[in-house]
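Below is one structure, written out as structure tokens; the observations come after it.
A quick note: this is a predicted structure, and the numbers were derived from the prediction, not measured. Letters go in sequence order (proteins before strands), and every chain restarts at 1.
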Number of protein chains: 2
Amino acid sequence: MLTLKHLRVIEALNETGSLTRAATRLHLTQSALSHQLVALEAHYGVVLFERSRPLRVTPAGVRLLQLAQEVLPKMEAARRDLARLAEDNQPGRLRIAVECHTCYDWLMPGMDAYRAHWPEVEMDLVGGFHTDPLALLAEDKADLVIVSETARHKGVAFSPLFRYEMLALMATGHALAARAYLSAQDFAQDTLITYPAPDRLLDVVRRVLKPAGVNPERRLAELTIAIVQLVASRKGLAALPAWAVQPFLERGYVVARPIGKKGLWSGLYTAARASDAPRAFHRDFVDTLREQAFMTLPGIEPLAGSPHPR
Amino acid sequence: MLTLKHLRVIEALNETGSLTRAATRLHLTQSALSHQLVALEAHYGVVLFERSRPLRVTPAGVRLLQLAQEVLPKMEAARRDLARLAEDNQPGRLRIAVECHTCYDWLMPGMDAYRAHWPEVEMDLVGGFHTDPLALLAEDKADLVIVSETARHKGVAFSPLFRYEMLALMATGHALAARAYLSAQDFAQDTLITYPAPDRLLDVVRRVLKPAGVNPERRLAELTIAIVQLVASRKGLAALPAWAVQPFLERGYVVARPIGKKGLWSGLYTAARASDAPRAFHRDFVDTLREQAFMTLPGIEPLAGSPHPR
DNA sequence: ACTTCTTACGAGTGCCGTAACCATG
DNA sequence: CATGGTTACGGCACTCGTAAGAAGT
């Protein structure tokens, strides 16, 4: 009784504040988490979380949380050291290419966390835009590419990172703000402000507007903040990841609405040469990115096929 | 993969130097340990122990050993803190009565280890000899008694500590040293040197000599070292726990032989009022004693009914 | 009233034990 | 040759998932 699994559960419960959210993050059902929590509490005769919304940790819960924070990192560190020993300390290299503008927001903290664990791995960012980023893998100009789709490609292995919602952004008091969600036609009368990227990388265009035959006036901006500024200045609409605009929404600069009844969700994946996949430092990079993303980005969800916690 | 169970296995393997001995200590079969070890090594692609006799840890094994020594004590500490929280920090008391002379040898280190974990528990030793030590429990003069048998007693709960072999001790070059083991008759011609305790507490007398109708001349000595000295001086034979005489055997002061073909094995148990058994600080005392005994006493074996590692 | 947690029940999996086989000293 | 480690196989226990019921906001 009292296993590492329990510590991971406690940690996830504390971070998410709900059995349901903790369960999706751990790739389990809320039922499984309920079982574990109830069993643990019964076994020691203590309450770990008050069942309010959000969950409140009790002193006993805090004690286990402290234990988790001491123990789990040590376990991970040992895992990495074993991997190093298994591969005879051969150093590794990671040349990373990024397709999407906003990705740098979470990529940088992820790389920082990774560097702390694998200082001997040489990391590099492959700059510039590329029409076919996957080709960089075959040409041996990159070892890992971050992409938004997983079209089968020979010799390329994809790993899911996370999925996120694209929100339609509009100025406060915009007429469309009355809607619960926006449909393709709602974009017709207004200017669409986007990054200067090809349409196939712009999810609103590719998956919503183009299928509906809607082709609004366009305007480009390089930076997220510039796009938000233009929207706030009533120059048009934009569609950006929920986690990228969260701070602006909180301060009331702009308003956001889902795109379509169920919202417009996109996924992010890493792609690597299949031959590189087995190396531990490589898998660990993806794991670190994923973990960091869930730590820092609000509202993101796990993607099917994510590996279970080790 | 890589669970606390694995860490306990690694620790036990390192301490015992063999799958078989580690298995008995963990209350598992050597098969189970083999499974775990093979699976762990396969999963990380490393060898943890060279399969020599005794087992030799590899660098990877050392790394996991280090992890175990960091993590397992933290887990235990958290368990204790949970127990304290569950019982609202009510302080406890342990008045301990000991039936056997030699027990102090391992009881003291055990109590020291326990005090480090439960400083708030007031420990006391109930001195003097008692015809019926179990009565001390009913009379509320002791909370825990260390005994060598588990005859059913109303309202008393027994917990197994360990079992050990009683060895016959004789001077170097003694005629009986030629035997592979001694039988009851072999004691007939020589003086038997014992502690000044009633016969029912002297296992050789109660279980070997008396059943065989052998009644040798007797001589008493208070201390283990005095008994050994008398034996070495050819004043007679003695029967003492293997772990108590180990150092004298190593230095060649005396010679030891098993008593009976299969050896004479005795067990030690704790007895407590059944109403006290559930308290965590109470159970933990017994666990600590057991653990310390296995750490320090050579040649002892687990007793049936010992609780599995938590 | 909706979400979130609990509980009952059934299925799958993974762990362990027995026993036979193999290695090591 | 004896002791100890590995492997094959089968059973059992445990954990998880589905689905229905209870509780909280």
So, the side chain of [X] versus the backbone of [Y]: is there a donor-acceptor pair under 3.5 Å, distance only?
X	Y	answer
A/S34	A/Q30	no
B/N14	B/E11	no
B/R257	B/L176	no
A/T58	A/L48	yes

Under 3.5 Å, which donor-acceptor pairs link side chains of residues 242-255 of chain A to any protein atom two or more places apart or in another chain?
from   : atom 1 : to     : atom 2 : distance (Å)
A/Q246 : NE2    : A/E250 : OE2    : 3.1

Could you tell me how far apart [X] ([atom1]) and [N] ([atom2]) are, to the nearest whole angstrom?
X	N	atom1	atom2	answer
A/K5	C/dC15	NZ	P	11 Å
B/L26	C/dC15	CG	P	16 Å
A/R53	C/dT6	CZ	P	10 Å
A/Q30	C/dT4	CD	P	9 Å
A/L48	C/dC5	CG	C1'	15 Å
B/E50	C/dT24	CD	C1'	14 Å

Subject >> A/L40 side chain near A/V9 side chain, heavy-atom distance below 4.5 Å >> reply: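 No. Closest side-chain heavy atoms not under 4.5 Å.
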
Subject >> Close residues, residues 33-42 of chain B, relative to DNA chain C [heavy-atom separation under 4.0 Å] >> reply: B/H35, B/Q36

Original post:
Given the side-chain rings of B/Y164 and B/W106, with only the six-membered ring counted for Trp, is the space between their centroids under 6.0 Å?
Top reply: no

Subject >> Heavy-atom contact window of chain B on DNA chain D, given 5' to 3' at under 4.0 Å >> reply: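 Answer, 5' to 3': D/dT3 to D/dA8.
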
Original post:
Closest heavy-atom contact between A/V46 and B/L82?
Top reply: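 Smallest interatomic distance, heavy atoms only, reads CG1-O, 3.8 Å.
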
Subject >> Pairs flagged by salt bridge (charged side-chain N to carboxylate O under 4.0 Å, His left out) wherever residues 37-54 of chain B is involved - sequence neighbours left out >> reply: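 Non-adjacent pairs meeting salt bridge (charged side-chain N to carboxylate O under 4.0 Å, His left out): B/E41-B/R51.
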
Subject >> B/R51 vs A/A32, nearer the 5' end of DNA chain D by closest nucleotide >> reply: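 Looking at the nearest nucleotide for each, B/R51 comes out on the 5' side.
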
**OP:** Let me know, please, whether A/S52 or A/S31 comes out on the 5' side of the other along DNA chain D by nearest nucleotide.
**Re:** A/S31

Original post:
Should the pair B/E76-B/R79 be classified as a salt bridge under the 4.0 Å nitrogen-to-oxygen rule?
Top reply: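 The answer is yes: the pair qualifies as a salt bridge.
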
Original post:
What residues, two or more places apart in sequence or in another chain, satisfy side chain to side chain donor-acceptor pair (under 3.5 Å) together with B/D81?
Top reply: A/R63, B/R84

Subject >> End-to-end axis angle, where each axis spans five pairs of the helix from C/dA1-D/dT25 to C/dA20-D/dT6, to 10° >> reply: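 The angle separating the two end axes equals 40°.
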
